[in-house]
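Structure first, commentary second.
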Protein chains: 2
Amino acid sequence: MIVSYHAAMTAPSHPRRPGPGRPREFDTDLALDRAIAVFSERGYQGAAISDLTQALGLTAGSLYKAFTDKRGLFLAAFDRYVALRTERLRAVLEGAPTGRAKIKAVLDFYADSSHGADGRRGCLVVAGAVDLATADPEVAARVTGALHLNEGRLAGFVAEGQADGTVALHLDPMATARLLLCVLQGMRVVGKTGRDRMEMAPLADNALKLLD
Amino acid sequence: MIVSYHAAMTAPSHPRRPGPGRPREFDTDLALDRAIAVFSERGYQGAAISDLTQALGLTAGSLYKAFTDKRGLFLAAFDRYVALRTERLRAVLEGAPTGRAKIKAVLDFYADSSHGADGRRGCLVVAGAVDLATADPEVAARVTGALHLNEGRLAGFVAEGQADGTVALHLDPMATARLLLCVLQGMRVVGKTGRDRMEMAPLADNALKLLD
DNA sequence: TCCTTTTGGGAATGATCATTTCCTAATTGA
DNA sequence: TCAATTAGGAAATGATCATTCCCAAAAGGA
């Protein structure tokens with residue numbers, strides 16, 4: 001019997017329809033949250049099933065019944081990671097009135113995610129890019145998709161800023177968005193070496209110069 | 001008998017003193033060049049010894065006699081990678097007269113390394129950061145060292161640009177260097193998803209706005 | 001020439017890993 | 001209440017992996 005004292009990190013997936021059979025005793029989202037941490041820290045091949053069963057509090061049998069595969073678990077964790085980050089980003093974006101303010105919020109969000117223990121843990125998209133982009137076409141497609149999603153969001157904010165007068169008109173929204181994307185992903189790489197807030201936070205403000 | 005048709009990628013390591021015993025039949029630097037490619041593409045744990053022996057054209061016995069360990073091979077490949085990149089960077093820097101021109105050269109160099117097949121292959125420093133930064137303190141120290149080396153170089157160029165009038169004086173050299181470092185490492189991550197030159201090259205010019 | 005040393009090569013080894021299997025338990029639906 | 005279905009659990013399995021061992025070969029030094 002597994003008892004979850006901590007709820008999942010929010011963003012519940014589609015609730016399971018009851019159906020026949022013994023009900024699942026663990027919270028899938030909570031398990032995926034922990035899988036995200038293990039895969040982010042150790043990489044895909046560096047995360048052994050025994051590491052995962054221990055971190056998720058599951059036996060190998062339950063893990064395989066729920067997620068088919070180590071690869072299936074990674075894909076589920078990846079999808080949840082992207083959904084979770086998207087939701088947190090949306091929350092952070094709520095107060096931002098202008099295109100520039102939205103880009104500032106995104107930069108702050110990534111600077112915050114890239115320092116201290118969270119920074120050391122790293123980004124699952126980056127881990128997927130490094131460990132599986134050349135070996136697993138389906139993971140590669142998801143990594144590409146996640147980056148393009150981000151790039152598109154940023155391009156939208158640049159265009160929005162150009163419309164509201166907070167971003168220079170001479171900039172190419174796509175090229176600027178791609179550069180901002182590099183700044184964000186670069187923060188995640190640099191953050192893996194353990195930087196503090198004093199080092200990362202100022203990057204966000206300085207990067208805004210790219211919008212002038 | 002192993003015959004090397006291609007010389008190593010330049011930057012020979014310290015030549016081996018002859019000593020007694022059967023002479024080594026393979027070129028250590030060439031072998032390391034190939035190990036760099038395998039580790040960069042597949043990550044540390046994703047690169048099996050059988051992958052490495054095949055790519056290096058060595059048997060497991062020879063590999064272990066020369067490099068002790070899989071870890072030892074990775075460390076040797078890492079050191080060679082950093083040395084090789086440093087030398088190529090130095091070459092690219094030769095024609096650059098001002099601080100700004102040097103930073104432009106660095107950005108161009110990374111944009112070039114991050115597109116096409118080389119971009120897909122990826123950066124060994126990024127791979128080390130993702131796969132081993134939390135698990136292997138010695139590798140973590142080398143990754144940190146490589147990034148700090150780069151950061152310090154960039155800070156020097158910023159200060160140089162401030163002295164020669166090509167970089168704005170109000171900028172903090174360290175903070176600006178750290179932001180440029182994020183741009184560079186971010187290019188390497190984004191490049192893993194297979195971007196072409198048209199996408200990556202303009203990033204270098206646009207990033208120069210950070211120096212105004 | 002012979003001894004020492006180091007390498008090349010390939011098979012053997014032992015560990016680790018991902019996955020499966022089998023049994024028990026807990027549900028739903030009839 | 002019973003059949004069908006699904007989950008929990010732990011041991012077993014088979015594959016893969018990193019590493020070692022052993023032997024033949026190629027050098028230097030005495």
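Order of the sequence lines fixes the chain letters, A, B, ..., with proteins taken first and strands second; residue numbering starts at 1 for each chain.
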Can you tell me how far [atom2] of [N] sits from [atom1] of [X], to the nearest Å?
{"X": "B/Glu25", "N": "C/dT5", "atom1": "CD", "atom2": "P", "answer": "21 Å"}
{"X": "A/Phe26", "N": "D/dG9", "atom1": "CZ", "atom2": "P", "answer": "10 Å"}
{"X": "A/Leu52", "N": "C/dT19", "atom1": "CG", "atom2": "P", "answer": "11 Å"}
{"X": "A/Asp27", "N": "D/dA7", "atom1": "CG", "atom2": "C1'", "answer": "15 Å"}
{"X": "B/Ile49", "N": "D/dT19", "atom1": "CD1", "atom2": "P", "answer": "6 Å"}
{"X": "A/Leu58", "N": "D/dA10", "atom1": "CG", "atom2": "P", "answer": "12 Å"}
{"X": "A/Tyr44", "N": "C/dA18", "atom1": "OH", "atom2": "P", "answer": "8 Å"}

>> Could you tell me if B/Arg71 sits above the aromatic ring of B/Tyr44, with its cationic atom closer than 6.0 Å to the ring centre and no more than 45 degrees from the axis?
In response: no

> So, does B/Thr193 use its side chain to make a donor-acceptor pair with the main chain of B/Val190 at under 3.5 Å?
Replying inline: yes

>> I'd like to know if the side chain of B/Lys192 and the backbone of B/Gly119 have a donor-acceptor N/O pair within less than 3.5 Å.
In response: no

> Heavy atom of residues 59-74 of chain B under 4.0 Å from DNA chain C: which residues?
Replying inline: B/Thr59, B/Gly61, B/Ser62, B/Lys65

> Between the side-chain atoms of B/Arg22 and the base atoms of C/dT7, is any donor-acceptor pair under 3.5 Å?
Replying inline: yes

> For A/Glu151, which residues count as a side chain to side chain contact (heavy atoms under 4.5 Å, CB included) partner, sequence neighbours excluded?
Replying inline: A/His148, A/Met174, A/Ala177, A/Arg178, A/Leu181, B/Arg195

> Want to settle it: does B/Gln45 or B/Pro23 sit nearer the 5' end of DNA chain D, counting the closest nucleotide to each?
Replying inline: B/Gln45

> Does B/Gly21 or B/Asp51 map to a spot on DNA chain D nearer the 5' end, using the closest nucleotide for each?
Replying inline: B/Asp51

> Distance only, no hydrogens: is a donor on one side chain within 3.5 Å (strictly under) of an acceptor on the other, for A/Ser113 and A/Arg85?
Replying inline: yes

For residues 46-53 of chain A, please give each side-chain donor-acceptor pair under 3.5 Å, one per line with the distance, not counting sequence neighbours.
| residue | atom | partner | partner atom | Å |
| --- | --- | --- | --- | --- |
| A/Asp51 | OD1 | A/Arg42 | NH2 | 3.4 |
| A/Asp51 | OD2 | A/Arg42 | NE | 3.3 |
| A/Asp51 | OD2 | A/Arg42 | NH2 | 3.4 |
| A/Asp51 | OD2 | A/Ala48 | N | 3.0 |
| A/Thr53 | OG1 | A/Ile49 | O | 3.2 |
| A/Thr53 | OG1 | A/Ser50 | O | 3.0 |

